[in-house]
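Given the structure is predicted, the values throughout are model-derived calculations rather than measurements. Per chain, numbering begins at 1; letters A, B, ... match sequence-line order.
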Amino acid sequence: MANYQHLHDWNLSPTEAVILQNQLRTQVRIQPLTTTPKTIAGCDISFNKFEETVYAGVVVIDLETMETIEEAGVVSTAPFPYIPGLLSFREIPSLLEAWAKLTIEPDVVMFDGHGTAHPRRIGIASHAGLFLNRPTFGCGKSVLVGKYEEPALERGSWSPMTHYKDVIGAALRTKNKVNPVYVSPGNLIDLETAIALTLQCDGGYRIPEPTRRAHNLVNALRKGEKVM
DNA sequence: GCGACAG
DNA sequence: ATCTTGTCGC
């Protein structure tokens, strides 16, 4: 079972959650990787509108072959509603349950959402990184905070996202002439490496493979097309 | 005060 | 996020 550090409980009110984020943000470390990752994990959750049940899953991919080498999923319940800026309090608990079922310890983890591209610089990728104790980064489909200049239309082009003068992430083109994705470091990684890994996980779609496969997994779980 | 607002 | 068919553009 893949392990993680239980830094704190999750039964908090929105106000307490914001206070906690302001305390935890001091623990986030943006830095280059110390070793070359061999495996990467993608995470996501799915749910039926108006229902409390959530389907969480993690997919582990071999960075060399881009083959899925392990999948883990759970049916759980979200203890928190979706509130912009507090996504981690809704998704991380169930994702950790799925994570615990892995037999492999992924070298780096990609999240469907942001890392430092967050009002308090601690989006789901950064917050989860503190629990997982390994490099994490976010790759979101839309912006939460920050501004950026439209990057060139060619795959691989990117431009920095800024918020109050801070460079918090990048708008990255993963496919020619297709809307960019928003990449930002979570913890124990830097922006340049997060961008490189996102491009390395190309499968021909706008959404990189880790997130795309995790999304397919949890949707199959939700529709009963998959049992774990 | 008004508008924006990851999934 | 989820609910859904067709349709515009390369």
Side-chain angles (χ1 to χ4, degrees), chain A residues 10 14-15 17-18 21 24-25 28 41-59 73-98 109-129 136-148 153-155 161-164 166 168-187 191 194 198 204-208 210-225:
Chain A
W10 297 96
T15 299
V18 171
Q21 288 183 321
L24 296 177
R25 63 182 297 179
V28 175
C43 317
D44 195 20
I45 74 165
S46 178
F47 56 88
N48 288 310
K49 201 174 183 180
F50 304 131
E51 286 182 16
E52 70 298 324
T53 300
V54 296
Y55 304 81
V58 181
V59 173
V74 298
V75 178
S76 186
T77 178
F80 207 86
Y82 167 66
I83 298 175
L86 300 179
L87 176 68
S88 61
F89 294 88
R90 173 177 175 72
E91 302 200 347
I92 293 181
S94 55
L95 285 177
L96 289 178
E97 288 180 41
V109 190
M110 173 188 286
F111 286 83
D112 189 7
H114 303 107
T116 55
H118 177 280
R120 289 170 291 285
R121 311 293 181 260
I122 182 161
I124 187 169
S126 301
H127 195 160
T136 58
F137 65 99
C139 181
K141 301 179 291 299
S142 61
V143 174
L144 173 58
V145 294
K147 298 178 179 303
Y148 65 93
L153 301 179
E154 300 72 50
R155 162 181 158 76
M161 292 173 71
T162 59
H163 187 232
Y164 289 102
D166 286 344
I168 59 175
L172 171 68
R173 201 80 70 182
T174 51
K175 197 173 177 347
N176 291 169
K177 292 177 252 184
V178 164
N179 287 162
V181 292
Y182 306 91
V183 179
S184 61
N187 191 38
L191 178 59
T198 298
Y205 298 89
R206 176 169 85 120
I207 305 303
T211 293
R212 208 175 72 80
R213 292 182 197 177
H215 191 269
N216 289 337
L217 170 64
V218 295
N219 273 321
L221 256 183
R222 178 170 62 84
K223 297 174 182 174
E225 302 167 352

Test side chain to side chain donor-acceptor pair (under 3.5 Å) applied to [X] - qualifying residues, sequence neighbours left out:
X: Ser46(A); answer: Asn219(A), Arg222(A)
X: His127(A); answer: His8(A), Ser88(A)
X: Asp112(A); answer: Lys141(A)

Sub-3.5 Å donor-acceptor pair from the side chain of Arg155(A) to the main-chain atoms of Thr174(A), do we have one?
-> yes
How does protein reach along nucleotides 3-10 of chain C, written 5' to 3' as B (base within reach of a heavy atom under 4.0 Å), S (only sugar-phosphate), or - (no contact)?
-> S-------
Nucleotide-resolved protein contact map, nucleotides 1-7 of chain B, B/S/- at heavy-atom distance under 4.0 Å = ----BBB
Toss me the dot-bracket line for DNA chain C: Watson-Crick and G-U wobble, both under 3.5 Å, 5' to 3', using | for pairs to another strand and [ ] for crossers.
-> ..........
Indicate, with a heavy-atom threshold strictly under 4.0 Å, whether Asn176(A) touches base, sugar-phosphate, or nothing.
-> nothing
Select base, sugar-phosphate, or nothing to describe what His215(A) touches, counting heavy atoms under 4.0 Å on all strands.
-> sugar-phosphate
Which atom pairs, donor and acceptor, lie under 3.5 Å between side-chain atoms of residues 179-187 of chain A and protein residues at least two apart or in another chain?
from	atom 1	to	atom 2	distance (Å)
Tyr182(A)	OH	Tyr148(A)	OH	2.7
Ser184(A)	OG	Gly115(A)	N	2.7
Asn187(A)	OD1	Arg29(A)	N	2.6

Passing option when Arg213(A) is tested against Val58(A), Asp44(A), Val59(A) for side-chain contact (heavy atoms from CB on, under 4.5 Å) = Val59(A)
Taking only residues two or more places apart in sequence or in another chain, which ones pass side-chain contact (heavy atoms from CB on, under 4.5 Å) with [X]?
X: Leu87(A); result: Tyr82(A), Glu91(A), Ile124(A)
X: Lys223(A); result: Glu225(A)
X: Ile83(A); result: Pro14(A), Phe80(A), Pro81(A), Leu86(A)

Determine whether Pro208(A) and Met110(A) make a side-chain contact, defined as any pair of heavy atoms from C-beta on separated by less than 4.5 Å.
-> yes
Stems involving DNA chain B, each a run of at least 3 consecutive Watson-Crick or G-U pairs under 3.5 Å | none
Among residues two or more places apart or on two chains, list those pairs meeting salt bridge (charged side-chain N to carboxylate O under 4.0 Å, His left out) that have a residue in residues 120-129 of chain A.
-> Arg121(A)-Asp166(A)
Nearest non-hydrogen partners of Ser76(A) and Glu97(A), listed with the distance = OG-OE2, 2.8 Å
